[in-house]
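Below is one structure, written out as structure tokens; the observations come after it.
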Amino acid sequence: MKPAEKVLAWALVVGMVIGLIWGPAAHSVQAAEQTGETSRNVESASPTWSGGAAIGFLSNTPDGTAFAFNLHADRFLQRNVSLGPLVQLGFTGDLTQVGFSGQGKYWIDLPETDNRAKVVLQAGIGFIHADFFRNDTSWLIPLGIGVDYALTRTVSLTGTFLLNFTDLDTGPGTDTNVMPGLTFGVRF
């Protein structure tokens, strides 16, 4: 098994463990159901899930600016608080990079948008693996802000800016400490 495949396998395992840790709630919580017209509270015996994907760019990787592909899942514990995994993939001609983190998000309704638009603040911790001149795995702390706009009851458009703090060193002169990323995608 290649190192990148090992990292992806570990990322999936850690994501499933995070999901199991935050299993069904012992009491009813207010869960948010995104709608096109308004956001209505739904009484639920367990928190609700949402997932999504986004594409964009990740700069200052060990090989410069990379094409970015992100996958995320959010488990809403309250109407405006969610936890879940984030997988960040970065690709250039010579670099493959895989980052995995557990993210906490705080969702803020924007006024006068009928609860369709939200600002999303997020922070997390995890690890990242890159192969360029040589392989390196390091810690990862992604901090970010985004916008979420509900198109329908189940589909939202997203835009996210992340600052990824790390300590990657894949060879001579390829170390990086901060990798800013900008992605646009959908959430369902």
Side-chain angles (χ1 to χ4, degrees), residues 8 11-59 65-91 98-126 140 142-164 179-188:
L8 189 55
L12 292 173
V13 167
V14 171
M16 285 189 266
V17 168
I18 289 172
L20 292 174
I21 289 172
W22 300 105
H27 61 284
S28 178
V29 291
Q30 291 292 325
E33 178 182 301
Q34 303 299 323
T35 66
E37 302 80 39
T38 183
S39 176
R40 66 182 173 153
N41 291 332
V42 178
E43 287 293 326
S44 173
S46 65
T48 60
W49 278 97
S50 176
I55 59 171
F57 299 96
L58 184 62
S59 64
T65 300
F67 170 76
F69 179 68
N70 294 354
L71 296 168
H72 63 88
D74 298 297
R75 187 166 188 140
F76 284 88
L77 303 176
Q78 295 180 0
R79 183 182 181 286
N80 60 348
V81 176
S82 68
L83 295 174
L86 169 66
V87 177
Q88 298 183 68
L89 305 172
F91 304 99
V98 178
F100 176 79
S101 59
Q103 296 289 110
K105 295 182 182 178
Y106 185 72
W107 304 71
I108 303 167
D109 289 327
L110 290 177
E112 299 183 24
T113 63
D114 202 20
N115 293 331
R116 292 178 75 160
K118 300 177 183 319
V119 171
V120 183
L121 305 175
Q122 63 179 295
I125 189 163
L140 174 66
L143 303 175
I145 187 168
V147 176
D148 184 276
Y149 184 80
L151 293 176
T152 68
R153 290 178 168 262
T154 58
V155 178
S156 295
L157 294 179
T158 63
T160 304
F161 175 74
L162 286 174
L163 284 177
N164 293 290
M179 292 181 291
L182 181 63
T183 58
F184 300 94
V186 294
R187 183 175 65 84
F188 46 93

Legend entry - Polar contact flag, side-chain donor to acceptor under 3.5 angstrom, Asn70-His72: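 No, His72 and Asn70 have no side-chain donor paired with an acceptor closer than 3.5 Å.
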Legend entry - Between Ser50 and Arg187: side-chain donor-acceptor atoms closer than 3.5 Å: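 Result is yes, a qualifying pair exists.
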Which pair of non-hydrogen atoms, one from [X] and one from [Y], has the smallest distance, and what is that distance?
| X | Y | result |
| --- | --- | --- |
| Ser82 | Asp74 | OG-OD1, 3.6 Å |
| Gln103 | Ile125 | OE1-N, 4.3 Å |
| Gln88 | Leu86 | NE2-CD2, 3.8 Å |
| Val87 | Phe100 | CG2-CD1, 3.7 Å |
| Thr65 | Ser59 | OG1-CB, 3.8 Å |
| Ala117 | Thr113 | N-OG1, 3.4 Å |

Inset, instruction - Please identify each residue that fulfils side-chain contact (heavy atoms from CB on, under 4.5 Å) with Ala123, with sequence neighbours left out. - result: Leu143
Legend entry - side chain to side chain donor-acceptor pair (under 3.5 Å) involving Thr183 - partner list, sequence neighbours excluded: none
Inset, instruction - Give a yes or no answer on whether the side chain of Arg116 reaches the backbone of Ala150 with a donor-acceptor pair at less than 3.5 Å. - result: yes
Is the shortest side-chain heavy-atom distance between [X] and [Y] below 4.5 Å?
| X | Y | result |
| --- | --- | --- |
| Val120 | Thr160 | no |
| Val81 | Tyr106 | yes |
| Pro180 | Leu163 | yes |

